[in-house]
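Computed from heavy atoms alone, side chains included, the values below leave out hydrogens, waters and symmetry copies.
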Amino acid sequence: MTTFRQDEQATGRSDGYAAVDPVTRQLIRGSLRAAKLECELIIERTAMSAFIREKKDYTVSFLDARGHEIYGDTMGSDIMGCVWQYYPEETINQGDVYWYNDPYISQGSITHTPDMVFISPVFHEGAVVAYCHSFAHFWDLGGSRPGSIGPANTEIFHDGTLVPPIKIIDRGELNDEAYRIILRNSRYPDLLEGDSKALMAAAQRAQERLLEMFDRYGNQTMLAAIEQDQRDTAALVRRKALEIIPEGDYSVRDYMDHSGVEDRWYSFHLQLSRRGDHIVLDTTLSDDQADGSINFVASPGTLGAYFGQHFHQYDPSLLSNSGLVESIDEVKLRPGSILLPEWPAALGCRAHTFTKLKSAVRAVLAQATDGQVMAGTAVYVIVYWRMKDDTGQWLLCTDGIAVGHGARPFADGLDAIYQRHNENYPGEFMEMEFPLRMERYAIVPDSGGAGKFRGGCGVIRDVRLLADIGTFGLRVENNRFPTWGVAGGMGGGTSRVVMNPGTGQEKAIRAFSDDNTWSRGDLVRIYTAGGGGWGDPLEREPHLVNDDVKDGFVTLEAALRDYGVVINPVTLKTDEPGTEAKRKDISSSRGPTKLFHRFNYFDTADEEYEWINEHFPR
């Protein structure tokens, strides 16, 4: 059990800084946003690997002298804790840059080995006043296969080189010995060198920009403005948590298809409890850690920030900072569980778990708000296309593929989105850089969960191999367990993978698997999953269903079956009297909806758990 609310007593925030006027605070906020954007563009424009420069899997954040976030995307992680463990604060010097990627030493601040962190201290008036942090997903760090992480990995050593916190730049001088060792452990050292130097440059530029702000506004004004912003965000998320969560207990359970090694499914459990003004999140009933790579090293700060992020939507003018963790008083994690695995469990495909964990936060809140949350979002897809070029060298294309996001209480879910600010590879890029041809990129009809507001649709992606031989690894989730719908909305469609569809060589490929072989001319088709729906599908406006049919998002069959909308297959006009009658018939035979839907409607986690154990015994 861990208590982590960052109140005055815990953080020592009793400095007594004078209040900063609103205009100056807005100027400082604007400067922070501009600096973050500039430094992230440095990464995008100077990095070498496609996952950073094309996919845009990177971020830059600013931390105060205590390591608490000023502004950025660290999501409650203790970025500085493990650095201070090896380099006490009094030994840190101007011009230093620190580097690490070890998920266990960092206690989940980094969640798998390809994610690298670079940190630059900011000195002003002779003391450290802040830290700047750059982060990105790297192409290859050694490990069992090109790309490092993969479904078949069973221990952290398979996931690639572990870098504990090191001082890669000491007072402006590169630690060349350590750098050469790390580069030597990558199959693609040129990419690793280019990416790491881009991240170092971004952290150093962020340090320069933050120092300019301290020079411009003064030490006391900057520190006071930072603290006030952290307090304002904390006050918002705490106030909304107490407004939205009634006293009581609320629990959910979500499921991962399998670990990549065996075929049994895994699950985690969340229980949110409020007694008075004390809010506790308990995860201890989650399954034991997996034998494969879907384990996630969760931290109290991260789980608190997941809730805080939900409440932050009520005033997005406030900065995303360490105040996000203030919504929850206490988090309980069980060592040895899938949410707190013990060394040396593999972590490479932890996104299967943490993406569903973010959705589960909303599912818990759905019980407290009568369903006024976004429905479940599918887990984004990564495919490792590996092939030999004409010289016999192995090439790697790490391809992130979009999925459908959950519908909202006011709008449909987003279609064909990878993850947050990340992007999908353009087909032209893949074909220019690799012996691959993207032959189809389209929406999967009926993959968005039916609802008053439809869930976002997944995509179909056809990729053909133009090299002689190759292998591929698939990190595709939601093949067995679809996303959940809420407030009467239905669950989303599932994923699947087929090789050489429509030919005599057609065969299904296990959606979460590795070391699949393919040869010149083979085509792999990937269907990604959709998001859950929101609200009763029978309440969706018939003209919206008709539009979806015309646009290819919903088939005529699903329009009739799920929405009760009768559409003429020739003219594509809606039969209004027929629709009214059909909806009455569906409502009568179906009965009332419940709070959640996945395979069928259910209200409680226990109700669904019993059904799943009966129909998917492990």
Side-chain angles (χ1 to χ4, degrees), residues 47-53 55 57-58 82 98-106 108-118 134-168 174-200 260-261 291-295 297 341 343-351 382-389 391-400 434 470-475 513-516:
M48 296 290 289
S49 67
F51 216 75
I52 299 176
R53 60 184 171 85
K55 177 72 52 191
D57 193 342
Y58 56 71
C82 64
Y98 300 87
W99 181 4
Y100 69 84
N101 78 333
D102 192 312
Y104 286 100
I105 289 177
S106 69
S109 296
I110 290 300
T111 56
H112 68 175
T113 54
D115 290 344
M116 292 284 197
V117 164
F118 295 82
S134 61
F135 160 101
H137 179 111
F138 281 58
W139 198 249
D140 179 86
L141 297 164
S144 63
R145 293 160 181 82
S148 302
I149 60 175
N153 293 354
T154 58
E155 59 181 15
I156 192 70
F157 304 107
H158 296 161
D159 290 346
T161 305
L162 290 164
V163 181
I166 64 170
K167 189 184 294 188
I168 191 62
L174 179 68
N175 183 343
D176 188 60
E177 287 78 9
Y179 197 40
R180 291 202 313 271
I181 292 171
I182 296 170
L183 296 181
R184 183 62 175 167
N185 279 276
S186 173
R187 296 173 177 87
Y188 309 101
D190 291 347
L191 296 182
L192 178 54
E193 182 176 9
D195 290 346
S196 57
K197 288 185 175 178
L199 270 288
M200 291 182 219
V261 179
D291 51 4
S293 59
I294 62 172
N295 301 291
V297 181
W343 169 275
L347 309 172
C349 298
R350 86 290 186 239
I382 296 181
V383 180
Y384 302 94
W385 306 116
R386 309 178 186 111
M387 64 234 82
K388 277 190 176 181
D389 65 14
T391 68
Q393 297 298 310
W394 279 98
L395 302 176
L396 169 68
C397 176
T398 305
D399 186 12
F434 304 99
T471 67
F472 59 93
L474 299 165
R475 209 223 65 197
S513 62
D514 213 332
D515 300 325
N516 302 288

Does some side-chain heavy atom of [Y] sit less than 4.5 Å from a side-chain heavy atom of [X]?
X	Y	answer
Thr111	Pro103	no
His137	Ile149	yes
Asp57	Phe135	yes
Phe138	Asn101	no
Phe51	Asp195	no
Tyr104	Cys82	no
Thr113	Thr161	no
Leu174	Ile168	yes

Tell me the closest heavy-atom pair linking [X] and [Y], and the distance in Å.
X	Y	result
Asn295	Pro341	CB-CG, 3.6 Å
Asn153	Ser144	OD1-OG, 2.7 Å
Leu141	Met116	CD2-CE, 3.4 Å
Ser293	Gly150	OG-O, 3.2 Å
Phe434	Met387	CB-SD, 4.5 Å
Leu199	Ala136	CD2-CB, 3.8 Å

Distance in Å, [X] [atom1] paired with [Y] [atom2], rounded so as to fall on 0.5 Å steps:
X	Y	atom1	atom2	value
Leu191	Asp140	CG	CG	9.0 Å
Gln393	Tyr188	CD	OH	9.0 Å
His158	Ile156	NE2	CD1	10.5 Å
Lys197	Leu192	NZ	CG	10.5 Å

Under 4.0 Å between a Lys/Arg side-chain N and an Asp/Glu carboxylate O for Arg350 and Asp159?
no
Listed by chain and number, what are the side chain to side chain contact (heavy atoms under 4.5 Å, CB included) partners of Asp515, not counting sequence neighbours?
Arg145
Kindly assign one of parallel, tilted or perpendicular to the pair Phe157 and Trp343, based on the angle between their ring planes and the thresholds 30° and 60°.
perpendicular
Any donor-acceptor pair under 3.5 Å linking the side chain of [X] with the backbone of [Y]?
X	Y	result
Arg187	Gly143	yes
Thr154	Gly292	no
Arg386	Leu395	no

In this structure, which one of Trp99, Tyr179, Tyr100 forms a side chain to side chain contact (heavy atoms under 4.5 Å, CB included) with Ile166?
Trp99
Reference residue Tyr384; test side chain to side chain contact (heavy atoms under 4.5 Å, CB included); the match among Thr398, Thr471, Leu474:
Thr398
Among all residues two or more places apart in sequence or in another chain, which pass the salt bridge (charged side-chain N to carboxylate O under 4.0 Å, His left out) test with Asp399?
Arg461
